[in-house]
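A short worksheet on the structure shown next.
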Amino acid sequence: MSASDGVARLCRADELGEGEARGFDPWNDGIDTVLVVRHEGQVHGWRDACPHYVDTPLAWRKDAYLDAARTRIVCAAHGAQFDIATGVCTLGPCLGQGLQRVTLHIDETIDIRRQGEEETPYDIP
């Protein structure tokens, strides 16, 4: 799988530990556009953009997405806090708004399909 066929491999599933968040640039845009978090045994994928100001990256430095307790995603620019599982803002200037979920395919690897790309019968699960 490659970004050229509409699917990008982000990492091996075992490379993302519990309580970890990582940013990825799956489409080679030059910045991380996707954030992936493993929380309470589940892997969640979000667009790396605060809803307060569209396209504002969440992290203040590479992979710095979570609060100190690793229980919330935090926007470094606005201080907004988001529930990891739902993406809903629970504190800050965009209260009640939410992060945009991205669909991940998780097996031995964590992969993402470009939005709008349809699966074909030839795709390997």
Side-chain angles (χ1 to χ4, degrees):
M1 285 183 274
S2 69
S4 63
D5 65 6
V7 177
R9 177 149 299 143
L10 301 179
C11 65
R12 288 192 351 242
D14 61 4
E15 291 176 325
L16 185 69
E18 179 62 34
E20 277 189 1
R22 288 180 55 195
F24 297 93
D25 178 12
W27 315 120
N28 299 313
D29 294 323
I31 59 168
D32 288 343
T33 56
V34 172
L35 136 75
V36 179
V37 184
R38 186 180 298 269
H39 178 69
E40 296 181 350
Q42 299 293 312
V43 176
H44 305 277
W46 304 104
R47 187 169 170 259
D48 186 354
C50 183
H52 183 222
Y53 287 120
V54 179
D55 294 331
T56 299
L58 294 162
W60 64 277
R61 67 175 165 78
K62 180 72 174 145
D63 300 333
Y65 293 101
L66 302 178
D67 64 356
R70 300 189 153 317
T71 58
R72 297 272 185 250
I73 297 168
V74 178
C75 175
H78 312 113
Q81 294 186 17
F82 301 88
D83 181 81
I84 293 172
T86 66
V88 172
C89 180
T90 58
L91 181 70
C94 49
L95 194 61
Q97 292 179 296
L99 301 174
Q100 182 181 352
R101 186 176 298 277
V102 297
T103 302
L104 302 173
H105 175 76
I106 304 162
D107 196 350
E108 291 180 12
T109 60
I110 300 174
D111 304 322
I112 186 171
R113 178 176 302 282
R114 188 180 289 277
Q115 247 183 330
E117 296 279 335
E118 298 298 323
E119 288 192 44
T120 68
Y122 305 103
D123 286 335
I124 299 172

- Query: Any idea which heavy atoms bring Asp25 and Gly30 closest together, and the distance?
  - Reply: OD2-N, 2.8 Å
- Heavy-atom closest pair, residues Thr33 and Pro26: OG1-CD, 3.5 Å
- Query: In Å and rounded to the nearest 0.5 Å, what is the OG1 to CD1 distance from Thr103 to Ile106?
  - Reply: 10.0 Å
- Message: To the closest 0.5 Å, what do you measure between NE2 (His44) and NE2 (His39)?
- Response: 6.5 Å
- Among the clusters formed by ILVMFWY side chains lying less than 4.5 Å apart, do Leu104 and Leu16 turn up in the same one? yes
- Check whether any side-chain heavy atom of Val7 sits under 4.5 Å from a side-chain heavy atom of Arg114, and report yes or no. no
- Task: Could you pull out the closest heavy-atom pair between Ala21 and Leu35, with the gap in Å?
- Result: CB-CD1, 4.0 Å
- Item | Straight-line distance of Phe24 CZ to Ile31 CD1, nearest 0.5 Å | 15.0 Å
- Item | Student check: side-chain heavy atoms of Glu15 and Ile110 closer than 4.5 Å | no
- Should Leu66 and Ile84 count as side-chain neighbours, where that means a heavy-atom distance under 4.5 Å? yes
- Task: Answer yes or no: is there a donor N or O on one side and an acceptor on the other, between the side chain of Arg72 and the main chain of Gln81, under 3.5 Å?
- Result: no
- Do the rings of His52 and His78 sit parallel, tilted or perpendicular, given the 30° and 60° boundaries? perpendicular
- Task: For Glu18 and Glu40, indicate whether the former's side chain and the latter's backbone hold a donor-acceptor pair under 3.5 Å.
- Result: yes
- Item | Thr56 to Ala77 - nearest heavy-atom pair and separation | CG2-CB, 3.7 Å
- Is any side-chain heavy atom of Asp32 closer than 4.5 Å to a side-chain heavy atom of Tyr65? yes
- Taking all heavy atoms of Ala13 and all of Asp107, pick out the closest pair and write down the distance. CB-O, 3.6 Å
- Query: Do Val102 and Leu99 share a hydrophobic cluster, counting only Ile, Leu, Val, Met, Phe, Trp and Tyr and linking them when any side-chain heavy atoms are less than 4.5 Å apart?
  - Reply: no
- Query: Is Val34 reachable from Val37 through a run of hydrophobic residues whose side-chain heavy atoms are each under 4.5 Å from the next?
  - Reply: no
- Query: How many angstroms lie between CG in Asp111 and CZ in Arg9, if you round to the nearest 0.5 Å?
  - Reply: 4.5 Å
- Item | Non-hydrogen side-chain atoms of Ile112 and Trp27 separated by less than 4.5 Å | yes
- Inspect the surroundings of CD in Glu108 and state if more than 12 heavy atoms from other residues, nucleotides or ligands are less than 6.0 Å away. no
- Item | Cys50 SG to Phe82 CZ distance, which is reported to the nearest 0.5 Å | 4.0 Å
- Report the C-alpha separation of Val36 and Arg22 in whole Å, then their side-chain angles, then the decisive distance to 0.1 Å, and conclude whether the side chain to side chain contact (heavy atoms under 4.5 Å, CB included) test is met. CA-CA 5 Å; Val36 179; Arg22 288 180 55 195; 5.6 Å; no
- Rounded to the nearest 0.5 angstrom, the CZ-CG distance for Arg38 and Asp14 is 8.5 Å
- Counting distance only, does the side-chain N/O of Asp83 pair as donor-acceptor with the main-chain N or O of Ala85 below 3.5 Å? yes
- Task: Could you please spell out the steps behind the side chain to side chain contact (heavy atoms under 4.5 Å, CB included) verdict for Arg101 and Trp46?
- Result: CA-CA 4 Å; Arg101 186 176 298 277; Trp46 304 104; 3.2 Å; yes
- Query: Is any side-chain heavy atom of Tyr53 closer than 4.5 Å to a side-chain heavy atom of Cys94?
  - Reply: no
